[in-house]
Amino acid sequence: MPLIYLDPPFNSKSNYNLPFKGQYKKDVKPVMAFRDTWSWSDQEEENLNYLREGGGK
């Protein structure tokens with residue numbers, strides 16, 4: 001049995017889409033799969049502080 005390994009790019013600053021087919025073949029619309037950009041928000045800062053203070057123990 002073969003082993004398949006996928007290593008996606010990291011922080012490529014790109015948006016990756018999946019093609020989504022509608023009822024008709026001409027109705028192909030991209031659907032956002034994921035955004036590969038690194039960002040830090042206030043919520044992430046709060047989560048980090050919570051974990052540093054021993055949250056979730």
Side-chain angles (χ1 to χ4, degrees):
M1 177 160 69
L3 173 66
I4 299 172
Y5 174 74
L6 300 175
D7 188 13
F10 177 72
N11 199 22
S12 64
K13 297 178 178 54
S14 298
N15 295 333
Y16 293 89
N17 298 318
L18 296 173
F20 176 75
K21 294 182 182 177
Q23 184 176 358
Y24 304 102
K25 286 190 177 185
K26 65 180 181 175
D27 294 337
V28 177
K29 299 175 184 170
V31 175
M32 172 84 77
F34 67 95
R35 182 176 293 127
D36 188 27
T37 54
W38 191 87
S39 63
W40 191 261
S41 70
D42 292 337
Q43 183 63 47
E44 279 90 9
E45 186 74 30
E46 290 176 21
N47 292 342
L48 178 61
N49 290 334
Y50 174 76
L51 292 172
R52 284 182 174 163
E53 294 168 3
K57 285 187 177 183

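Sequential numbering from 1 along the given sequence is applied to the chain's residues.
Every residue two or more places apart in sequence or in another chain that forms a side-chain contact (heavy atoms from CB on, under 4.5 Å) with Asn15 is listed here: Met32, Arg35. With sequence neighbours excluded, the residues satisfying side-chain contact (heavy atoms from CB on, under 4.5 Å) with Glu45 are Trp40, Asn49. Remark: Asn47 engages Gln43 in a side chain to side chain donor-acceptor pair (under 3.5 Å) (not counting sequence neighbours).
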